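Everything numeric here is computed off the predicted structure, so don't read it as measured data.
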Amino acid sequence: MSIIGKTSIVKEGAKIGKNVVIGEFCIIDENVVIGDDCVIGNYVHIAGWTTLGKGNKVFNNAAVGVPPQDLKYAGEKTELIIGDENLIREFTTLNPGTIGGHSKTIIGNKNLFMAYVHIAHDCVVGNECILANNATLGGHVELGDYVNIGGLTPIHQFVKIGSGCMVAGGSVLTQDLPPYCLAEGNRAYIRGLNKHRMRKIFSREEIDEISHLYKILFSHTAPIRELAQQELDKNPNPISRSICEFILSNTRGIPLNKGTQSE
């Protein structure tokens with residue numbers, strides 16, 4: 001049985017799952033789908049064509065699925081799709097896609113968005129990411145799984161961040177960050193590998209292989225794309241292959257060092 005606050009408005013057409021709790025003074029628009037076991041705090045607005053999976057918790061004053069902050073948006077049907085068991089803290093804003101992008105913003109499972117996080121239109125966020133207070137994703141940003149972004153950190157539109165990366169608080173990231181890298185600074189550049197995360201998801205042997213690969217890629221003996229292609233031609237294991245393919249497909253350059261950034 002779901003519990004809906006007496007002062008909240010759930011518009012006709014909205015689909016509310018089982019065991020959902022909706023607090024006071026909320027507005028749930030007519031095209032919203034809320035999965036089972038979700039908890040919606042007070043003063044929350046869930047708008048547009050927004051779908052929440054199971055077990056999400058949305059805290060007070062969050063704005064979920066409200067129109068994207070894109071001057072080209074003219075009310076088209078675009079979506080915000082949120083997976084399961086995400087924590088969406090106070091004053092977070094999550095925007096749907098635009099027809100100039102994927103027409104969808106997609107968020108995976110078990111992410112934590114701390115207070116005042118902003119995820120713009122057409123972003124793709126993986127699973128088990130943590131975005132600290134006031135972290136901001138510009139439009140079309142893509143995050144892999146297990147990404148940590150520190151507080152007060154903006155990510156430039158169209159940037160891609162690979163799985164297992166960490167971006168330190170107070171940084172500004174404007175280029176693509178390969179998997180398992182640690183970046184810091186304004187403008188942020190790669191400081192090393194995120195060994196803390198790697199130890200949680202890889203064996204010692206796998207960590208050594210990744211570290212060895214990055215020593216080659218960051219050796220400056222040739223352009224990083226050329227080095228990545230050479231390593232890819234050796235038919236590496238799936239983890240190394242994914243790193244090389246990320247580098248070869250990047251469109252914004254790789255922030256190798258401060259002041260000298262590789263394309």
Side-chain angles (χ1 to χ4, degrees), residues 10-17 20 26-36 38 40 44-58 62-89 91-113 116-129 131 135-147 149 154-163 165 173-177 242 245-246 249-252:
V10 178
K11 296 183 180 180
E12 185 177 355
K15 297 179 181 179
I16 309 299
V20 172
C26 296
I27 300 175
I28 312 298
D29 284 352
E30 60 271 18
N31 296 305
V32 169
V33 177
I34 300 178
D36 298 344
C38 287
I40 312 299
V44 173
H45 186 191
I46 305 180
W49 287 268
T50 295
T51 299
L52 283 80
K54 298 178 180 179
N56 294 288
K57 294 183 179 180
V58 184
V64 179
V66 295
Q69 298 175 103
D70 184 332
L71 293 174
K72 300 184 294 298
Y73 181 73
E76 304 89 355
K77 179 184 176 180
T78 59
E79 296 181 81
L80 169 62
I81 300 173
I82 300 172
D84 302 331
E85 299 181 33
N86 295 284
L87 296 177
I88 301 168
R89 294 303 304 254
F91 294 96
T92 291
T93 54
L94 309 177
N95 292 159
T98 64
I99 58 173
H102 309 296
S103 293
K104 294 179 181 179
T105 298
I106 300 173
I107 294 170
N109 305 319
K110 298 183 177 180
N111 297 290
L112 168 58
F113 305 129
Y116 292 94
V117 162
H118 174 64
I119 298 179
H121 59 87
D122 302 292
C123 287
V124 178
V125 178
N127 303 311
E128 299 189 47
C129 298
L131 277 64
T136 300
L137 305 187
H140 311 272
V141 168
E142 297 183 16
L143 306 186
D145 299 332
Y146 308 110
V147 173
I149 299 178
I155 310 297
H156 195 282
Q157 57 262 40
F158 293 99
V159 161
K160 295 181 180 180
I161 300 178
S163 293
C165 285
L173 182 64
T174 62
Q175 293 186 293
D176 294 342
L177 192 61
S242 68
E245 289 175 344
F246 182 99
S249 66
N250 91 87
T251 59
R252 296 192 56 83

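A side-chain donor-acceptor contact under 3.5 Å links Asn127 to the backbone of Asn109. Under the 3.5 Å distance criterion, the side-chain polar atoms of Ser163 are left unmatched by any main-chain donor or acceptor of Gly144. Remark: side-chain polar atoms of Asn86 are not paired, donor with acceptor, to backbone N or O of Ile88 under 3.5 angstrom.
Among residues at least two apart or in separate chains, there is no salt bridge (Lys or Arg N to Asp or Glu O under 4.0 Å) pair with a member in residues 76-85.
Rounded to the nearest 0.5 Å, atoms CD1 (Ile155) and CG (Leu173) are 4.5 Å apart. Separation of atoms CG (Asp36) and CD1 (Ile16) is listed at 11.0 Å; rounding is to 0.5 Å. Here NE2 of His156 is found 10.0 Å from CD of Gln175. Values are rounded to the nearest 0.5 Å. Note that the CD1 atom of Ile119 and the CG atom of Leu137 stand 5.0 Å from one another [nearest 0.5 Å]. Atom CZ in Phe113 sits 6.5 Å away from atom CG in Leu94 (nearest 0.5 Å). For the atom pair OG1 (Thr105) and CD1 (Ile81), the distance works out to 9.0 Å, reported to the nearest 0.5 Å.
Taking each heavy atom of Cys123 and Gly138 in turn, the nearest pair found is SG-O, 3.1 Å. The shortest non-hydrogen separation linking Tyr73 to Pro67 is CE2-CB, 3.9 Å. The minimum heavy-atom distance between Ala14 and Val10, with the atom names listed, is CB-CG1, 3.9 Å. The shortest heavy-atom contact between Cys38 and Gly53 is SG-O, 3.1 Å. Smallest separation of non-hydrogen atoms from Gly97 and Pro68: O-CG, 3.9 Å. The two residues Val124 and His102 have their closest heavy-atom pair at CG2-CD2, 4.5 Å.
The one candidate from Val64, Ile106, Asn95 that meets the side chain to side chain contact (heavy atoms under 4.5 Å, CB included) condition with Leu80 is Val64.
Side chains of Lys160 and Asp176 form a contact here, defined as non-hydrogen atoms less than 4.5 Å apart. You'll find the side chain of Arg89 reaches within 4.5 Å of the side chain of Leu112, heavy atoms only. In this structure the side chain of Ile27 reaches within 4.5 angstrom of the side chain of Lys11, judged on heavy atoms. Side chains of Asp29 and His45 form a contact here, defined as non-hydrogen atoms less than 4.5 Å apart.
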Do Thr78 and Ile99 pass the side-chain contact (heavy atoms from CB on, under 4.5 Å) test, and can you show the C-alpha distance, the side-chain angles, and the key distance before you say yes or no?
CA-CA 7 Å; Thr78 59; Ile99 58 173; 4.2 Å; yes

Assess whether side-chain contact (heavy atoms from CB on, under 4.5 Å) is satisfied between Leu143 and Ile149, documenting all intermediate values.
CA-CA 10 Å; Leu143 306 186; Ile149 299 178; 4.0 Å; yes

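Under the 30°/60° scheme for interplanar angles, the aromatic rings of Phe158 and His140 are found to lie parallel.
Between the side chains of Thr98 and Asp122, at least one donor N or O lies within less than 3.5 Å of an accepting N or O. Side chains of Thr93 and His118: a donor-acceptor N/O pair is present below 3.5 angstrom, by distance only.
Applying the ring pair (Phe, Tyr, Trp, His ring centres under 6.0 Å) rule to Tyr116 yields the partners Phe91; only residues at least two apart in sequence or on another chain are considered.
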